[in-house]
Amino acid sequence: QVQLEESGGGLVQAGGSLRLSCAASGRTFSSFAMGWFRQAPGKDREFVASITWIGGTTYYGDSVKGRFTISKINTKNTLYLQMNSLKPEDTAVYYCAAFFYSGSFTKVGDVGSWGQGTQVTVSS
């Protein structure tokens with residue numbers, strides 16, 4: 001099993017930036033990729049970005065392309081999400097995720113482990 005712990009959420013004005021972190025522990029070697037999802041009140045959980053441990057291939061949701069950057073430090077088992085040019089519609093709880101099987105690395109149903117989530121609020 002892999003345990004995931006997010007940090008770095010908070011309140012920011014529109015146009016501002018935040019960086020989220022996710023510390024992974026446990027059987028991290030068993031995962032193929034890590035990623036971020038988000039869920040706003042009353043909406044479904046949405047894919048944000050993901051990255052493979054080997055090779056560092058990245059994937060992004062259409063709504064964050066060009067504004068968010070996902071990265072990792074393998075030796076520290078740590079995942080990051082740099083969020084720039086934030087918009088009020090980016091307001092959500094952001095969840096760190098681990099994928100244990102090869103696939104698209106973009107679907108909620110393919111996630112094997114979730115973090116507890118961290119709140120990001122963007123004010124207009």
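Atoms considered below: every heavy atom in the structure, side chains included; atoms not considered: hydrogens, waters and symmetry mates.
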TODO: State whether a side-chain donor-acceptor pair under 3.5 Å links Glu5 with Gln116.
DONE: no

Open item on the list: For Trp114 and Tyr95, take the angle between the two ring planes, folded into 0 to 90°, and tell me which bin it lands in: parallel under 30, tilted 30 to 60, perpendicular over 60.
Closed with: perpendicular

Task: Approximate separation, where rounding is to 0.5 Å, of Met83 CE and Phe68 CZ - done: 5.5 Å

TODO: May I have all residue pairs that pass side-chain hydrogen bond (donor to acceptor under 3.5 Å, both in side chains) and include part of residues 52-61, sequence neighbours excluded?
DONE: Ser31-Trp53

Open item on the list: Taking side-chain hydrogen bond (donor to acceptor under 3.5 Å, both in side chains) as the definition, give me every residue that meets it alongside Lys65, ordered by chain and number, with sequence neighbours left out.
Closed with: Asp62

Open item on the list: List the residues meeting side-chain hydrogen bond (donor to acceptor under 3.5 Å, both in side chains) with Gln119, not counting sequence neighbours, and say none if there are none.
Closed with: Thr121

Open item on the list: Check for me, please, whether Val108 and Phe47 land in the same ILVMFWY cluster - side-chain distances under 4.5 Å, paths through other members count.
Closed with: yes

Open item on the list: Can a donor-acceptor pair be found, under 3.5 Å and without considering hydrogens, that links the side chain of Ser113 to the backbone of Ala98?
Closed with: no

Task: Lys72 versus Asn74, side-chain donor and acceptor atoms under 3.5 Å - done: yes

Task: Closest contact, heavy atoms only, Lys43 versus Gln39 - done: O-NE2, 3.1 Å

Task: Leu18 CG to Gln82 CD distance, which is reported to the nearest 0.5 Å - done: 8.5 Å

TODO: Taking Thr78 for its side chain and Lys76 for its backbone only, find out whether a donor-acceptor pair lies under 3.5 Å.
DONE: yes

- [ ] Check side-chain hydrogen bond (donor to acceptor under 3.5 Å, both in side chains) between Ser21 and all other residues, then give those that pass, not counting sequence neighbours.
- [x] none

TODO: Identify, with sequence neighbours excluded, every residue that meets salt bridge (Lys or Arg N to Asp or Glu O under 4.0 Å) alongside Arg67.
DONE: Asp90

Open item on the list: Ile54: which residues meet the side chain to side chain contact (heavy atoms under 4.5 Å, CB included) condition with it, sequence neighbours left out?
Closed with: none

- [ ] Could you tell me the separation between the SG atom of Cys22 and the CE atom of Met34, rounded to the nearest 0.5 Å?
- [x] 4.0 Å

Task: Sequence neighbours excluded, every pair satisfying salt bridge (Lys or Arg N to Asp or Glu O under 4.0 Å) that has a member inside residues 106-116 - done: none

TODO: Not counting sequence neighbours, which residues clear side chain to side chain contact (heavy atoms under 4.5 Å, CB included) with Glu46? List them please.
DONE: Arg38, Ser63

- [ ] Report whether Leu79 and Val48 are members of the same hydrophobic cluster (ILVMFWY, side-chain heavy atoms less than 4.5 Å apart, transitive linking).
- [x] yes

- [ ] Mind checking side-chain hydrogen bond (donor to acceptor under 3.5 Å, both in side chains) for Gln13 and listing every partner two or more places apart, or none if nothing turns up?
- [x] none

Task: With sequence neighbours excluded, residues passing side chain to side chain contact (heavy atoms under 4.5 Å, CB included) with Ala23 - done: none

Open item on the list: Checking Ser25 now: which residues fulfil side chain to side chain contact (heavy atoms under 4.5 Å, CB included) with it, not counting sequence neighbours?
Closed with: Gln3

Task: Within-4.5 Å side-chain heavy-atom neighbours: Thr118 and Val93 - done: no

Anything under 3.5 Å between a donor and an acceptor, one on a side chain of residues 99-106, the other on a protein residue two or more places apart or in another chain? List them.
unit_1: Ser104; atom_1: OG; unit_2: Thr106; atom_2: N; d: 3.4
unit_1: Ser104; atom_1: OG; unit_2: Thr106; atom_2: OG1; d: 3.0

Task: Minimum side-chain heavy-atom gap Tyr80-Leu20 below 4.5 Å - done: no

Open item on the list: Any non-hydrogen side-chain atom of Val111 less than 4.5 Å from a side-chain atom of Phe37?
Closed with: yes

- [ ] Report yes if some heavy atom in the side chain of Thr69 is under 4.5 Å from a heavy atom in the side chain of Leu81; otherwise report no.
- [x] no

Task: Pairwise distance CH2(Trp36) to SG(Cys96) - rounded to 0.5 angstrom - done: 5.0 Å

